[in-house]
Protein chains: 2
Amino acid sequence: MTSLARGLHVIRAFAGVDRRLTIADVSRATGLTRAVVRRCLYTLRELGYAASDGRTFRLQPRILSLGYAYLATAPLPIAAQPVLTELSERIGEATTVGVLDEGTVVYVARASTQRIMSVTLGVGSRLQAYCTALGRVLLASLPSAAAAAALAREERVAHTRFTVTALPQLLAILEEVRAHDYALNDQELEIGLRAIAVPVRNVVGATVAAMNVSAQASRLSRRELIETVLPALRAAAERLGAELAP
Amino acid sequence: MTSLARGLHVIRAFAGVDRRLTIADVSRATGLTRAVVRRCLYTLRELGYAASDGRTFRLQPRILSLGYAYLATAPLPIAAQPVLTELSERIGEATTVGVLDEGTVVYVARASTQRIMSVTLGVGSRLQAYCTALGRVLLASLPSAAAAAALAREERVAHTRFTVTALPQLLAILEEVRAHDYALNDQELEIGLRAIAVPVRNVVGATVAAMNVSAQASRLSRRELIETVLPALRAAAERLGAELAP
DNA sequence: CGTCGCGGTACGATAATCGCACGTAACGAG
DNA sequence: CTCGTTACGTGCGATTATCGTACCGCGACG
C-alpha cells in the first residue's frame, strides 16, 4: 500500500531540525511530489496527527500514541524498565537499552539520574551506531559483512576529536568488541561523556538488544567503568536476557 | 487518503493488552476488512515497522521514530524537559508535562526520580483525563460545554475507592479547579499516589499544557503538596509558559 | 467427521491517486 | 514602480492502485 508508506515517510520528514514545514519542504525532504505530500498532510491533519498554521504544518502530540502502541506492549521495553531503574540506582548513572535500526540505535528504555547533561536523550531517541557504545555492541553482533555494509552506508562525521570515523579502524574496533564482549565509548560522541555497553542475549543466546551505562567523564574513569561498572552492567543485561523469549 | 488513515488505525490497534495480533484480531479491533488489514500489515512489515511470526504480527522499535519526529522538534517537549528536570531535582519527586488528546492525557515530557513506583509511566503514556490531576486541569481549561462533552464520552471506571466517576461531581471538581487554578488528585488513580497539577499558559495566556508533581502519599501529605510543592510547581509552569509562543 | 475460524488468493468494480497545468504571492533587478 | 522570475499551493480529468467479496485449503476443536 503505497499511500501508507508515503504517509509514514511524511511523518518522518519532520524529524529534521525545523519543526514547521511547508508542503514544499516535505516534498523536498521525501522526494514525493507536492500533490502527494498535500494529500498526506491533509489526511494527517484530519486525523489529528498534524496541525497547520496557514502554509506550515507541524506534528501534534497524538503522534506519540503510535510509539506508545509499541512501548506498552513490546516485551523488551516492558522487561527492561525495572532492570534499568535498579541498575541506575545502584550505579548512580544513566542507563539505556537500545536496539539497532539500520545504521542507527533506537533507545527503547532508559533510566536517567537527575544530573543535567548537555545531551537530552529519551526513549525513541536515535543516534548513529558507529559512534556509540550501544551501536558498536549491536553492530558487533551482526555477521561481519552485514556490519561492514551498515557502516559503509552511514555518513560518518567526527563529533569530537576522539571520534573514530575511518571504516577499517571501526571494523577493528568491532573485532575488539566481539573479543571482550563489551564496548567502551570514550568521549567520541561528546566531550566529557563516557559510556560502556554490553549485549543483551535472550534465552537462546541471540543478541536482541544492548544495555549501557553512560556517565560524565569527570566522574568515572575508563578504569572504573571496566572494573566497577562493567560487572554490574553484565549482571543486569543477563537478568534482562533471561526474561526474553526467543 | 484512506490507506494512510487505515494504516495508522492498524498501528494503534496494537496498543491493547495483547502484543501479538493475528490479521483477524486486528480486523476485529479496527472494524476493517481482513483483506485491508492484511495489506496494511504487509506494508508495515515491508517497511520494518512490524514483524511477523507465522500468523502473528507485532510492532518493531522503528515505530518509535514516528513519535521521535514529534518529540525532537515540537517546542513544548523541548522547552519542558529542562524545566521539569530542575523542578524534579528541587522537589525530589517525579514531574510531568501533558496535553489533552480527546478524553486522554498524553505525557509529552517527564522527569522521574529513581524511586520505583508501581505505575511505570513515560513519555507517550496515555491516561484518561477524568481521574488525573493533569487531566482535570486540562479539562478545566476548556469551555464548560466541551469539558462536559469530553467527560460524557469517556467510559469512567473507579480505579480505587477514592475515584470520582459521577459526571455532576466531576463537573463540580472542574469548577473548583478553575477557581483555585490547580488540581489535586488524592489516590484516585492508585492507592498511595497523590498528584498536584497546574496549567501551563503561553505568552498570550492560553492553556497549552499542564504540569504536575506526583508523589507517594506516604511521603507528602495533601497539606505539604499545597503549601510546599504548589508554589514551586506554579513557578516552573510559569517559566515554561513564558517560553512558548502563541 | 463435521464445523468453525483462520489466512491466502483472485478479480471485477470502484474510488482514490496521479501529475500536470493553472493562479497567486513573494522577490529582485532594472 | 514595474516586470520577469521563481516557488508555492491548488484543482481537475485520466489513470491506476485499491477495495471487498467470494472462494480455497488448512488446522483446531468438539
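Residue numbering restarts at 1 for every chain, and letters A, B, ... go by the order of the sequence lines.
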Exercise. With sequence neighbours excluded, what pairs up with A:R156 under the salt bridge (charged side-chain N to carboxylate O under 4.0 Å, His left out) test?
Worked result: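 Counting only residues at least two positions away or on another chain, A:R156 forms no salt bridge (charged side-chain N to carboxylate O under 4.0 Å, His left out).
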Exercise. Can you name the residues that form a salt bridge (charged side-chain N to carboxylate O under 4.0 Å, His left out) with A:R178, not counting sequence neighbours?
Worked result: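 In terms of salt bridge (charged side-chain N to carboxylate O under 4.0 Å, His left out), with neighbours along the sequence ignored, A:R178 is linked to A:E175.
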Exercise. Using a heavy-atom cut-off of 4.0 Å to chain B, what are the terminal contacting nucleotides of DNA chain D, in 5' to 3' order?
Worked result: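 On DNA chain D, the outermost contacted nucleotides are D:dT18 to D:dT21.
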For this session: Identify, residue by residue, the members of residues 5-16 of chain B with a heavy atom below 4.0 Å from DNA chain C, and return them in order of residue number, or none.
Result: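 Those residues: none at all.
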For this session: Applying side-chain hydrogen bond (donor to acceptor under 3.5 Å, both in side chains), name anything that partners A:R55, two or more places apart in sequence or on another chain.
Result: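 A:R55 satisfies side-chain hydrogen bond (donor to acceptor under 3.5 Å, both in side chains) with no residue once adjacent residues are dropped.
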For this session: Please identify each residue that fulfils side-chain hydrogen bond (donor to acceptor under 3.5 Å, both in side chains) with B:R38, with sequence neighbours left out.
Result: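 For B:R38, the residues satisfying side-chain hydrogen bond (donor to acceptor under 3.5 Å, both in side chains) (neighbours in sequence not counted) are B:Y42.
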Contacts of type side-chain contact (heavy atoms from CB on, under 4.5 Å), residue [X], not counting sequence neighbours:
X: A:R161; value: A:I191
X: A:A235; value: none
X: A:D101; value: A:T104, A:V106, A:R126, B:R62
X: B:A237; value: B:V198, B:V200, B:M211

What pairs of donor and acceptor atoms, side-chain ones from residues 138-147 of chain A against any protein atom, are under 3.5 angstrom apart with sequence neighbours left out?
| from | atom 1 | to | atom 2 | distance (Å) |
| --- | --- | --- | --- | --- |
| A:S141 | OG | A:L138 | O | 2.6 |

Could you write out each protein N or O paired with an N or O of nucleotides 2-8 of chain C at a distance under 3.5 Å?
| from | atom 1 | to | atom 2 | distance (Å) |
| --- | --- | --- | --- | --- |
| C:dC6 | OP1 | B:R28 | NH1 | 2.7 |
| C:dC6 | OP1 | B:R28 | NH2 | 3.4 |
| C:dG7 | OP1 | B:T22 | OG1 | 3.3 |
| C:dG7 | OP1 | B:I23 | N | 3.0 |
| C:dG7 | OP2 | B:A24 | N | 2.9 |
| C:dG7 | N7 | B:R34 | NH2 | 3.2 |
| C:dG8 | OP1 | B:Y42 | OH | 3.1 |
| C:dG8 | OP2 | B:Y42 | OH | 3.4 |

